[in-house]
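Note that the structure is a prediction, hence the values are computed from the model and not measured. Whatever order the structure lists ligands and atoms in, that order sets their numbers, starting from 1.
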Amino acid sequence: MGETGCLDKIDCAIWSEESGKLETNRAVSMSSATSYRHLLEVRNLETQFHTNFGVIRAVDGVDLHIDEGETVGLVGESGCGKSVAALSIVRLVPDPPGRIVNGEILFEGQDLLRLSMREMRHVRGGNIGIIFQEPLTSLNPVLSIERQIVEPLQEHLGMTRQQASSRAQELLDMVGIPDPSARMRDYPHMMSGGQRQRIMIAIALSCNPRLLIADEATTALDVTIQAQILELMKELTERLGTALLMITHNLGVVARYADRVCVMYAGKIREVAPSEELYGNPRHPYTLGLLGAVPRLDARRESGKLTQIPGEVPDPTILPGGCAFHPRCDYAVALCGVEDPGVEEVGEGHGVACWEWEGVG
Ligand code: SF4
């Protein structure tokens with residue numbers, strides 16, 4: 001990338017008065033794309049929280065990447081570190097008590113950890129959009145919907161108030177809000193949960209980001225609305241060519257949408273594979289356990305109950321030695337309690353961190 005930083009490319013996305021459209025000048029960014037391997041590449045990321053109860057290694061040496069236009073699922077039980085990984089990528093880990101202590105977060109070849117907070121503000125909401133789980137707490141309750149969409153457009157794309165307002169209407173229409181010109185004057189509490197999440201999607205996509213991070217974006221919604229929002233996110237990111245990092249505890253959710261899946265446990269990536277391979281040929285006992293817990297409509301009634309992973313996610317201040325999953329693992333051998341396996345390539349694009357992976361499945 002040389003001296004071409006993120007800010008140069010953000011400035012390439014501007015509102016064109018001549019065409020009346022958002023000119024993202026993706027050709028410029030795509031040509032720069034040849035100088036780095038992945039749109040986002042996280043290397044050996046470590047994020048810790050220093051608490052009265054000890055040091056929590058929430059993210060402990062995570063490597064992952066996302067390519068242009070790709071959808072990647074990051075999956076694991078609550079407390080496995082996936083949300084902290086997402087917050088680390090956009091530098092929103094509360095400090096103190098949290099701190100990124102090691103690693104690199106290369107976005108378009110630029111290490112986000114080296115940017116100033118001012119530069120990071122341009123990246124967030126500009127080239128990286130974020131959607132959190134609960135839109136009611138993400139949206140400002142005392143500002144109208146219009147204001148909350150218009151401000152990032154003015155800030156990141158340099159639009160005038162009038163241009164931004166007209167673009168905001170288009171965005172609301174794009175995410176399926178009926179009568180957008182009237183609804184723009186509403187406040188968040190006047191909308192349903194599904195509508196609020198649609199607004200969050202509109203805001204996150206407003207500046208035509210290259211990467212969208214959706215952190216449990218549908219968990220707070222009922223299943224029907226959840227399906228609608230997932231379809232909407234997938235359709236819009238495909239149409240706009242935006243890469244999507246989908247963070248969820250539910251392997252069933254990512255099965256339909258992700259190109260690749262990373263499975264996380266106790267702060268580490270334990271398995272990564274293209275979706276079809278992961279669902280068809282899981283090689284880590286934890287992945288197997290998560291898959292067994294997903295209800296299937298095609299399962300025979302007499303085939304019995306859903307399986308569950310025994311035990312609980314370990315206390316993050318006193319993680320078991322060796323492989324942190326060993327107290328819950330049916331495949332554990334003596335070595336598992338002593339030494340943590342690194343991720344080993346077991347197939348094309350398929351990595352597993354398990355001493356016994358050959359016997360799993
Ligand atoms: Fe289970 Fe051992 Fe594999 Fe860990 S390394 S998942 S304990 S078999």
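Under the side-chain contact (heavy atoms from CB on, under 4.5 Å) test applied with Ile229, the options Met200, Gln197, Lys234 reduce to a single match, Gln197.
Atom 4 (Fe) of ligand 1 has Cys323 SG as its protein N, O or S neighbours under 2.8 Å.
Inter-residue side-chain proximity for Met117 and Arg91 is flagged as met; some heavy-atom pair is nearer than 4.5 Å. Using a 4.5 Å heavy-atom threshold, the side chains of Asn127 and Leu211 count as separate.
In the displayed structure, Glu104 atom CD is contacted under 6.0 Å by more than 12 heavy atoms of other residues, nucleotides or ligands.
Using a 30° and 60° split on the angle between ring planes, Phe325 and His284 fall in the tilted class, from 30° to 60°.
Residues satisfying the salt bridge (Lys or Arg N to Asp or Glu O under 4.0 Å) test with Arg147, not counting sequence neighbours, are Glu151.
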